[in-house]
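Right, one structure below, let's go through it.
Chain identifiers are assigned alphabetically (A, B, ...) following the order of the sequence lines, protein sequences preceding nucleic acid strands; residue numbering begins at 1 within each chain. The figures that follow rest on heavy atoms only: side chains count, while hydrogens, waters and symmetry mates do not.
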Amino acid sequence: MNNNEKNNINDFCPYLLMWGIRQQRCNHCNAMVASTTMSSASAEAVSDTIFPKVVEMDADKMVQCDRRMLGDLESASLLAQSRNAVRAISDFSLPSDLTPEVVMQKSKLVNAINTGQKPQLVEELVRSVSSVCHEAGQRVCEQFDLAGSKAPSKVDEAINDLVDGLDGMDHVKSKDSGALTCFEKRTDQLKSLSRLKNEMKDTTFRRLKNQLLQKAQNEYLDVLNQLTDSYFQQFWKKECDMVRDRFEKYRQNSRAFASKVRQCSDQCSRNYQTAKERLTILKSGNQVILSEASKDEFMAALRANRKVSGQAELIEDLRGELEQRLRQLAEKRGMGRRNAQRMSFRALVLGLPVNDIVDAFTDLILENISDACSFYESCQAYGLERLVTELSQRSHITSWFNGRDNPRFGITPFEFYMVRMPKATNPKEIQIKELLESFFRKAGFHNILNNSQARSISVLRIYAGWPIGIEGGNTVLHKAYKDTALNHLPHLIGILPDTDAGKHSPALLKL
Amino acid sequence: MATKNLAVNNRLSKQESDLGFLGIGAGGSGKLALQSAIEQHQAAANPFPFYTAAIDTDRRDFDTFDFAIDIAPMQEDVSALKKNPERYGPACRVIAERYPELLNSETLGQGARTHRIITQAAFELFDKRIIEGLQKTIHSLLEIGQFRRIMPVILASLGGGTGSAAVILLQYFFMESTRKSQIVLGLEPEIVLRPTAFVVDAYAHALQQRDNTTRDRILANIYASRTELAELEKRGMGHQYFFHLGLGNTAGAIFSTIEQVCKANGLVAWEWMANYPLFKSYAVNNLDFNKETGRYDGDDVPENHFGPEEFPGDAECIDK
């Protein structure tokens with residue numbers, strides 16, 4: 001209906017089309033919102049594409065992470081290392097010029113150990129064996145951490161292979177070769193030989209002594225080996241179990257990380273979807289459409305801004321920057337400065353809320369695409385004054401009152417304007433934003449808030465405090481009300497005093 | 001019941017706010033507007049405590065909201081009503097006795113189809129369900145955040161059958177002492193504030209109709225709703241604020257489809273809720289004062305034209 005028609009209806013009816021207007025409350029308001037929208041959702045598209053790659057950097061560059069990594073836990077080699085470590089203990093070591101006295105001494109030592117009289121020495125032996133096993137386990141885990149952190153998405157698969165490898169490793173079987181009995185016999189023989197020294201030729205004695213010492217030496221080493229082996233078996237199994245446990249913990253941690261990454265990626269996708277939906281919804285609504293760069297243009301700006309040439313380089317660079325920002329965020333979230341600085345990227349991702357991570361990443365992208373086309377630059381390209389004028393006009397109210405909204409008629413409506421703007425992300429944007437704010441102020445908008453989450457400016461205009469009876473639309477509505485008098489039940493029962501069973505009010509039809 | 005938004009809104013418990021908003025989408029247009037407000041709320045990272053409920057005679061799209069109050073009559077409800085209409089309220093009695101054709105089993109559960117009386121009958125049939133639903137939504141909202149007051153915000157359209165009736169009937173439920181005391185049972189009664197409504201004056205909906213009869217019925221419904229709102233206000237049961245959104249303005253903003261105007265209504269409502277403290281700081285000395293004291297003082301009222309004896313005047317007829 002055009003204005004002429006509205007005026008005609010009003011001219012035709014010299015009074016307002018509702019009874020009891022003087023008793024109506026002035027609680028009716030008209031509110032209208034107008035906002036800007038970008039012509040595309042390119043920035044969100046960039047975030048959606050890049051985020052998973054940045055977080056799971058090098059997913060396709062898995063360093064060696066299979067059962068070959070378990071080489072350090074190879075039992076024969078570890079056993080040899082343990083034996084050498086035990087032989088290196090001074091109490092167990094043999095001098096180069098072995099004498100029967102030394103053999104006797106070692107025999108006593110072995111007996112003392114077997115009867116539990118040398119606990120400190122046993123402790124030292126245990127320490128040597130366990131440290132060999134533990135260091136090997138640590139090396140495997142460190143290698144694994146390194147490989148796993150570079151390819152988080154492949155960790156599960158790698159752990160399966162490694163655990164299978166551990167399960168398949170042959171455990172060392174202790175051989176009771178009777179070394180101790182032989183060594184004791186040899187010691188007795190050496191004692192007997194000493195007693196017979198005067199009854200045999202010197203050369204014969206020396207030859208026999210050397211032969212016996214040689215055998216005693218080998219048998220002593222066998223005894224030591226047997227002793228080492230019994231402890232080794234225990235620690236090696238323990239270490240294998242520990243490594244297996246650590247893999248399992250890593251697997252759980254890795255699954256939690258993967259799930260968090262998935263949640264963050266989903267959030268990025270949702271943001272992209274929301275941006276696209278908002279675009280569809282708002283393009284058809286009360287919007288001023290600002291043109292925006294394409295996704296490819298944004299990507300090019302991102303590379304240029306980060307001073308990198310290729311995709312892989314860009315991802316690595318963004319990962320570093322994101323990690324730094326997450327550390328700062330962790331610090332703000334009360335994780336402690338030192339702790340936040342020491343935390344791995346994985347721990348940071350696991351410790352922070354999804355929205356914080358995604359927001360940090362989105363901010364990082366937005367700050368770096370400003371060269372392509374930032375929000376405020378899009379506003380500038382559209383024309384700041386033009387934008388303010390259009391938003392101001394588009395937010396005009398959708399009710400009219402034919403001049404009755406006037407203090408002379410006892411009606412003093414109240415006007416409320418509010419503008420919400422997104423934050424500026426760089427000095428250039430700050431400058432444009434300040435200029436835009438000044439245009440809004442000039443247009444009478446004094447409530448300017450900087451809390452818009454979306455990259456859009458919204459203007460809310462409220463015209464409040466009028467009674468429903470003076471609203472201009474009543475004329476055409478009342479005509480339809482009268483026209484439906486025969487075939488419609490417009491009313492609720494029991495609200496108006498004179499309506500019968502939902503039918504029209506005779507008093508209103510009279511108007 | 002749907003708890004989709006509750007999970008999102010749980011984050012809000014961290015923040016302190018004095019006021020929690022209970023968004024109620026009444027009817028198809030109200031649900032559409034509330035969906036738009038939810039989208040906006042989520043896109044803005046849930047800046048204030050907001051719990052959503054839908055009430056409708058049409059079950060579609062209920063799962064978008066935190067809570068749904070289904071008032072679509074089933075065949076068994078209609079059978080019970082037909083057998084014993086005296087057990088129900090005036091709308092049920094009138095329908096059973098005078099308009100039984102409105103209880104057609106083929107159209108049950110598919111909205112009120114511009115018959116506002118069907119919604120009123122549904123409110124009578126499901127009186128208990130509505131009260132319990134409102135109770136639950138208030139409890140859920142209180143569980144989310146630390147705030148002292150709840151403001152129901154009703155979103156609807158005035159042209160159709162459900163929203164235009166529900167915006168008045170819900171207001172009645174919140175304001176009438178017996179029902180209100182049931183809704184806030186066990187809580188401080190002042191915890192729930194007088195509701196505010198955001199309604200679409202459904203011109204776009206009317207213009208979309210191919211036949212003039214339906215178009216006129218929609219426009220007549222808007223008018224009837226307005227007169228009923230005025231009646232509620234006269235009795236001190238009106239809304240805190242009643243926001244209207246029309247077809248458009250002369251500056252180029254035209255909502256040519258019901259979807260557009262409903263979404264805009266949701267956006268407007270959300271912007272208002274998000275900035276309520278700022279709005280209130282201005283409104284308290286202007287709007288709040290004027291709405292109590294300001295009265296239309298022009299001479300162009302029908303009472304002057306027809307004479308005071310024609311004026312229908314006041315009558316205590318609500319909920320008779």
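- B/Q240 and A/N27 make their closest contact through O-CB, 3.7 Å (heavy atoms, listed as atom of the first residue, atom of the second, distance).
- Classification of the B/Y282-A/F416 ring pair by plane angle, with boundaries at 30° and 60°, yields perpendicular.
- Most heavy-atom pairs under 4.5 Å with chain B: of the set A/N487, A/N406, A/T412, this distinction falls to A/T412.
- Per-residue heavy-atom pair counts under 4.5 Å with chain A were compared for B/D300, B/L229, B/N265, and the maximum is reached by B/D300.
- In terms of heavy-atom pairs under 4.5 angstrom with chain B, the leader among A/P407, A/P467, A/A464, A/G502 is A/A464.
- For the residue pair A/T484/B/D216, the side-chain donor-acceptor check at 3.5 Å is not satisfied.
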Run the side chain to side chain contact (heavy atoms under 4.5 Å, CB included) check on A/W19 and B/T227 step by step: do they pass? CA-CA 8 Å; A/W19 292 99; B/T227 58; over 6 Å; no
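- Contact between B/P302 and A/L16 at its shortest, heavy atoms only, is CD-O, 3.1 Å.
- For a residue to count as touching a neighbouring chain, one of its non-hydrogen atoms must lie under 4.5 Å from one of that chain's; by this rule A/M18 touches chain B with backbone and side chain alike.
- Ranked by heavy-atom pairs under 4.5 Å with chain B, the list A/M32, A/H491, A/K482 is led by A/H491.
- The contact between B/R116 and chain A is made by backbone and side chain atoms together, counting heavy-atom distances below 4.5 Å.
- If you measure heavy-atom distances from B/H244 to chain A, the contacts under 4.5 Å come from both the backbone and the side chain.
- Atom CD1 in A/I493 sits 9.0 Å away from atom CZ in B/R93 (nearest 0.5 Å).
- Interface remark: A/I21 contributes backbone and side-chain atoms alike to the contact with chain B (heavy atom separation under 4.5 Å).
- Put simply, the side chain of B/D201 does not reach to within 4.5 Å of the side chain of A/L477, judged on heavy atoms.
- Using a 4.5 Å cut-off between heavy atoms, B/I168 touches chain A through its side chain atoms alone.
- Counting heavy-atom pairs closer than 4.5 Å to chain B, the top residue among A/I411, A/L511, A/N447, A/N30 is A/N447.
- Looking at A/I397, only its backbone comes within 4.5 Å of chain B, counting heavy atoms on both sides.
- Using a 4.5 Å cut-off between heavy atoms, A/L492 contacts chain B through both its backbone and its side chain.
- Checked for salt-bridge contact, A/R22 and B/E303 miss the test: no charged N lies under 4.0 Å from a carboxylate O.
- Taking each heavy atom of A/A31 and B/F243 in turn, the nearest pair found is CB-CD2, 3.6 Å.
- With rounding to the nearest 0.5 angstrom, the CG atom of A/L489 is 11.5 Å from the CD atom of B/Q120.
- A distance-only check finds a donor-acceptor pair linking the side chain of B/N249 to the backbone of A/H396 [under 3.5 Å].
- Contact count against chain A (heavy-atom pairs under 4.5 Å) is highest for B/N275 among B/N275, B/L207, B/L245, B/D299.
- Proximity of A/R25 to B/K234: side-chain heavy atoms (C-beta onward) are nowhere separated by under 4.5 Å.
- With a threshold of 4.5 angstrom between heavy atoms, B/N304 approaches chain A through side-chain atoms but not through N, CA, C or O.
- Between A/Y481 and B/Y223, the two ring planes are tilted [angle within 30° to 60°].
- Within the 3.5 Å criterion, the main-chain N or O of A/C26 finds no donor-acceptor partner in the side chain of B/N290.
- When the candidates B/I218, B/L287, B/D288, B/V301 are compared by the number of heavy-atom contacts under 4.5 Å with chain A, B/L287 comes out ahead.
- Counting heavy-atom pairs closer than 4.5 Å to chain B, the top-ranked of the candidates A/P413, A/G410, A/A485 is A/G410.
- Contacts between B/A121 and chain A at a heavy-atom distance below 4.5 Å are absent for every atom of the residue.
- One distance of note links NZ of A/K503 with CZ of B/R98; it measures 5.0 Å at 0.5 Å rounding.
- Note that CZ of B/R226 and CD of A/Q24 are 10.5 Å apart. Values are rounded to the nearest 0.5 Å.
- Scanning both residues, A/P490 and B/A224, for their nearest heavy atoms gives O-CB, 3.6 Å.
- Residue A/D483 touches chain B through its side chain alone, counting heavy-atom pairs closer than 4.5 Å.
- Taking each heavy atom of A/A501 and B/Y99 in turn, the nearest pair found is O-OH, 3.2 Å.
- B/L267 and A/V33 make their closest contact through CB-CG1, 3.9 Å (heavy atoms, listed as atom of the first residue, atom of the second, distance).
- Proximity to chain B (any heavy atom under 4.5 Å) is restricted, for A/S395, to the backbone atoms N, CA, C and O.
- Below 30°, between 30° and 60°, or above 60°: for B/H115 and A/H488 the angle between ring planes is between 30° and 60°, a tilted geometry.
- Contacts of B/T196 with chain A are absent, with no heavy-atom separation under 4.5 Å from either backbone or side chain.
- Expressed to the nearest 0.5 Å, how far CH2 of B/W272 lies from CD1 of A/I462 amounts to 8.0 Å.
- Between the CG atom in B/D297 and the CZ atom in A/F409 there is a gap of 9.0 Å [rounded to 0.5 Å].
- Per-residue heavy-atom pair counts under 4.5 Å with chain A were compared for B/E97, B/R217, B/R215, and the maximum is reached by B/R217.
- Using a 4.5 Å cut-off between heavy atoms, B/E259 does not touch chain A at all.
- In this structure, chain B has heavy atoms under 4.5 Å from both the backbone and the side chain of A/A480.
- With a 4.5 Å cut-off on side-chain heavy atoms, B/Q42 and A/R270 do not count as touching.
- Highest contact tally toward chain A, considering only B/T213, B/N212, B/L219, is held by B/L219 [criterion: heavy-atom pairs under 4.5 Å].
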